[in-house]
Q: 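Following this message is one structure expressed as structure tokens.
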There are 2 protein chains.
Amino acid sequence: MKLGVSPDIVPSRGHEAKRVSIMDAASEVFCRESFAGANIDMIAAEAGVSRQTIYNHHGDKEKLFVAIVRDLTERCNAGIFATISTFPDQPKDLEADLIAFAVRMNRNCICNRDGKFLRKLIQTEGERYPELFAEWREQGPGRTWPAIAARFARLAHAGFLDIDDPDVAARQFMALANAELQTTFMLGGTPDEDEVLQSATHGVRTFLRAFGKRQPAANASKQGALANA
Amino acid sequence: MKLGVSPDIVPSRGHEAKRVSIMDAASEVFCRESFAGANIDMIAAEAGVSRQTIYNHHGDKEKLFVAIVRDLTERCNAGIFATISTFPDQPKDLEADLIAFAVRMNRNCICNRDGKFLRKLIQTEGERYPELFAEWREQGPGRTWPAIAARFARLAHAGFLDIDDPDVAARQFMALANAELQTTFMLGGTPDEDEVLQSATHGVRTFLRAFGKRQPAANASKQGALANA
DNA sequence: ACAAATTTAGACACTCTTGTCCAATTCGTC
DNA sequence: GACGAATTGGACAAGAGTGTCTAAATTTGT
């Protein structure tokens, strides 16, 4: 039997476990060493698998790389859409709810393992695989940004925000939410929970100073509170 | 003499000219291929120089790489400080002046060749040269962010802006100014003049909605009035 | 327990790259 | 034009990495 995608037959647990283990190790190594710097023996060692097994599963180094980027893209997209679905459409406390959303977005989509790896692989190897990353672009940013923008548009329409261009606002929201994490990202670090909360809090406050209604649509009981910083 | 690829302008003569030519080609190639993926022959060809000359000048591949990062860091810092010195301390038209500043910052420091290369090299190889990039961090972000923050603090003190934390505001200003360039950056592209202007304009508008005084008066005689307005 | 599928370790040929050495040539300068 | 320094191209050894092949060991399903 030839190897390859066999939709009917589930090979086995051990087999599948090795596949996952290889993918994990490979993304780790490709990410750390770049495509050219990574070598199959490293990946095999880190996966606890023999070199030959990697060739059995994936053919060659380049196919392995492509499989990994596809896999990461898919998982990251899933995470992003799952997080978008928690967007506060009917916020009780707009600021708190948006901060919580920003934290979720950062923690689950930007700072997590997959997000970090995908981002780095795109930056590092993007130019060498134009068609692969064009695919990522369509499936990823091409679909997630409109989805986020739509949520902000809805929130504005419901009277919670004063937004001209939801697309711009969405980008600015995300930019503000991780404005303070950029230097950490640069060096491949992972911001801790506090940094994420800090950045999200400051970012959302600024966002609301720019786009918040003067008087919260729901109850305008005490307007003096929001002047405070 | 056989001429190879001479992409640069005038093959102006001299030892020093070769040095520059090597540095240019090497940063280009290291950036495009990553450290491990780059090879000396590529660099030599792109520099229009023999391989041996590179070894004569720089000893080995790693020394060449370090020299390049140092060089880029220095030049980028110079550019950033030069641009910071054009910060509008006494703006006539606050919005227009800040937009122009944001455009300068993006065009001269972020989107230009040196900025792009340095950013990519840091992201790609940062983890492998901790001491080198610690140096960058001190000389670069460690000095430029406070300088930018100081300018915003001064602007706020002069009554043009309403800022609590100048450090946060500085980071948010930059984040907003290139919020719309992120996807382009991801793939190593260079935003064109229009995109830069767009992003800067939208970013500064939002920034001013958040931090601008309601009344752009230069006289801060009635500063208490706007808190409740 | 048996048979098929899978994994393993090691050897292997092949290619690519680094860094060195050297003789011939060219360049900069006087 | 001549001299010394720099550059060149080519050959070279050493090392590393890819991908293939094999026979033996292990795992898996029945």
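Each chain gets a letter, A, B and so on, in the order the sequences are listed, and its residues count up from 1.
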Q: Judged by each residue's nearest nucleotide on DNA chain D, which is more toward the 5′ side, B/R19 or A/N39?
A: B/R19
Q: Just how far, in rounded Å, is P of D/dA5 from NZ of B/K18?
A: 18 Å
Q: Anything under 30° is parallel, anything over 60° is perpendicular, the rest tilted; go ahead and classify B/H57 against B/H15.
A: parallel
Q: Using a cut-off of less than 4.0 Å, is there contact between a side-chain N or O of B/K63 and OP1 or OP2 of C/dG19?
A: no
Q: Measure NE2/A/H58 against P/C/dT7 and give the value in whole Å, please.
A: 11 Å
Q: Are B/S50 and D/dT7 close enough that a side-chain N or O sits under 4.0 Å from OP1 or OP2?
A: no
Q: Between C/dT7, D/dA11, D/dT18, which nucleotide has the shortest distance from any of its atoms to the side chain of B/R51?
A: D/dA11
Q: I want to confirm an ordering. Mapping B/Q52 and B/Y55 to their closest nucleotides on DNA chain C, which one lands closer to the 5' end?
A: B/Y55
Q: I want to check one thing: is the phosphate of C/dT7, taken as OP1 and OP2, less than 4.0 Å away from some side-chain N or O of A/T53?
A: no
Q: Counting only side-chain N and O atoms of A/H57, is one of them less than 4.0 Å from OP1 or OP2 of C/dT7?
A: yes
Q: To the nearest Å, how far apart are A/D41 CG and C/dG10 P?
A: 12 Å
Q: Is it the case that A/S27 and A/R113 place a side-chain donor and acceptor less than 3.5 Å from each other?
A: yes
Q: Quickly work out the A/N56 CG to C/dT8 P distance and round it to whole Å.
A: 9 Å
Q: Answer with base, sugar-phosphate or nothing: what part of the nucleic acid does B/A36 contact at a heavy-atom distance below 4.0 Å?
A: nothing
Q: How many whole angstroms separate atom CZ of A/F35 from atom C1' of D/dG17?
A: 12 Å
Q: Between P on D/dA16 and NZ on B/K61, what's the gap in Å once rounded to a whole number?
A: 14 Å
Q: Give me the atom names and distance for the closest heavy-atom approach of B/I22 to B/A47.
A: CA-CB, 4.0 Å
Q: State whether B/H15 places a side-chain N or O below 4.0 Å from either non-bridging phosphate oxygen (OP1 or OP2) of D/dT7.
A: yes
Q: Can you check the A/F30 CZ to D/dT18 P distance for me, whole Å?
A: 9 Å
Q: Taking any heavy-atom pair under 4.0 Å as a contact, classify A/A38: base, sugar-phosphate, or nothing.
A: sugar-phosphate
Q: What residue among A/F101, A/W145, A/F211, A/F173 forms ring pair (Phe, Tyr, Trp, His ring centres under 6.0 Å) with A/F152?
A: A/F173
Q: How many whole angstroms separate atom CG of B/D60 from atom P of C/dT18?
A: 11 Å
Q: Are side-chain N/O atoms of B/D194 and B/Q198 paired as donor and acceptor at under 3.5 Å?
A: no
